[in-house]
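Worksheet for the structure shown next.
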Amino acid sequence: MAVSPDLAALDGPSVEVAPLLLGATLSRGEVAVRLTEVEAYAGERDPGSHAWRGRTPRNEVMFGPAGHLYTYFVYGMHVCANVVTDPDGRAGAVLLRAGEVLGDDPAVDRGHPARGPARLCRTLAITLDDDGCDLAAGPVTLTLADPVPAGLISTGPRVGLRRAADVPWRFWLTGEPSVSTYRPAAPRRRRTPDA
DNA sequence: ACGCTGATGCTCT
DNA sequence: GAGCATCAGCGTC
């Protein structure tokens, strides 16, 4: 089997796996984050997914077995991370949008350093070098928790997408202060071609 | 309180 | 060369 037994639950459709990641713990070294907000991306048939136009060097990892980390660089200065789902050959993934830092002084956590996908990555020092990392082996590891009751989970449209912005594939823990507020895709203004 | 904007560089066409 | 699965900072109400 391609997926570690501990992470076997990830070996399925991203939309079904995504809510299972709420409450799970992502850690690196001494830093641990409890996931509070995620988004599902359904691979080649999802216009919002990086895998939409097929396999490329960047999205290669998404086509591999579940339980690995897919990281990418965006907007010139940010890294975002996904948990790869679906069987080997299928490009499903779940974007990790926000979490709550564990074990730290609550006073420090009040600033929500892991709110937003790029800040979550910065908190765990995740970079492009972590692309493809086996989440069962580390250095970044994922520990699943007992499923959160459906009544405590909210859903809505995914954040910041220009395509497929209508599908409610964003999942978060209702009332969690670490969850980012919804932002529609920024309308693109033309590069000052001048008057 | 909320909305709009620029910054910044990797990735694919 | 254009487009981004973003964020912080500034402006306006």
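A:Arg119 has a side-chain polar atom (N or O) that falls below the 4.0 Å cut-off from OP1 or OP2 of C:dA8. Taking 4.0 angstrom as the limit, A:Arg162 places a side-chain polar atom (N or O) nearer than this to OP1 or OP2 of C:dC4. Contact check, A:Arg97 against C:dT6: a side-chain N or O comes under 4.0 Å of OP1 or OP2.
Rounding to whole angstrom units, NE2 of residue A:His78 and C1' of B:dT8 are separated by 8 Å. C:dT6 atom C1' lies 15 Å from atom CG of A:Leu96, rounded to whole Å. Taking atom OH of residue A:Tyr75 and atom P of nucleotide C:dT6, one finds them 5 Å apart after rounding to whole Å. Atom CG in A:Asp131 sits roughly 13 Å away from atom C1' in B:dT11 (whole-Å rounding). As a whole-Å value, the separation of A:Arg158 CZ from C:dC4 P is 14 Å. In this structure, A:His50 places its NE2 atom 11 Å from C1' of C:dG3, rounding to the nearest Å. Distance CZ (A:Arg163) to P (B:dC12): 16 Å, rounded to an integer number of Å. Between A:Leu95 atom CG and C:dT6 atom C1' the separation is 11 Å, expressed in whole Å.
A:Glu39 and A:Arg158 are not joined by a salt bridge, as no carboxylate oxygen comes within less than 4.0 angstrom of a charged side-chain nitrogen.
Clustering of Ile, Leu, Val, Met, Phe, Trp and Tyr side chains at separations under 4.5 Å places A:Trp172 together with A:Val179.
Looking only at side-chain heavy atoms (C-beta outward), A:Val140 and A:Leu135 come within less than 4.5 Å of each other. Proximity of A:Leu96 to A:Val83: side-chain heavy atoms (C-beta onward) are separated by under 4.5 Å at one or more points.
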For residues 13-29 of chain A, which side-chain N or O atoms pair as donor and acceptor with protein atoms under 3.5 Å away, sequence neighbours left out?
residue, atom, partner, partner atom, Å
A:Ser14, OG, A:Tyr41, O, 3.0
A:Ser27, OG, A:Thr141, OG1, 3.3
A:Arg28, NH1, A:Leu124, O, 3.4
A:Arg28, NH1, A:Ala125, O, 3.0
A:Arg28, NH1, A:Asp130, OD2, 3.0
A:Arg28, NH2, A:Asp130, OD1, 3.1

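For DNA chain B, each stem of at least three Watson-Crick or G-U pairs (distances under 3.5 Å) is given as range with range: B:1-7 with C:6-12, B:9-12 with C:1-4.
The side chain of A:Leu161 approaches C:dA5 more closely than any other nucleotide in the set C:dA5, B:dC10, B:dT8. If you check B:dC12, C:dC4, B:dC10 against the side chain of A:Leu128, the one that comes closest is B:dC10.
A pairwise comparison of heavy atoms in A:Ala93 and A:Met62 identifies CB-SD, 3.6 Å as the closest pair.
Other residues, nucleotides and ligands contribute at most 12 non-hydrogen atoms within 6.0 Å of the CZ atom of A:Arg90.
Base contact: A:Gly48 has a heavy atom under 4.0 Å from a base atom.
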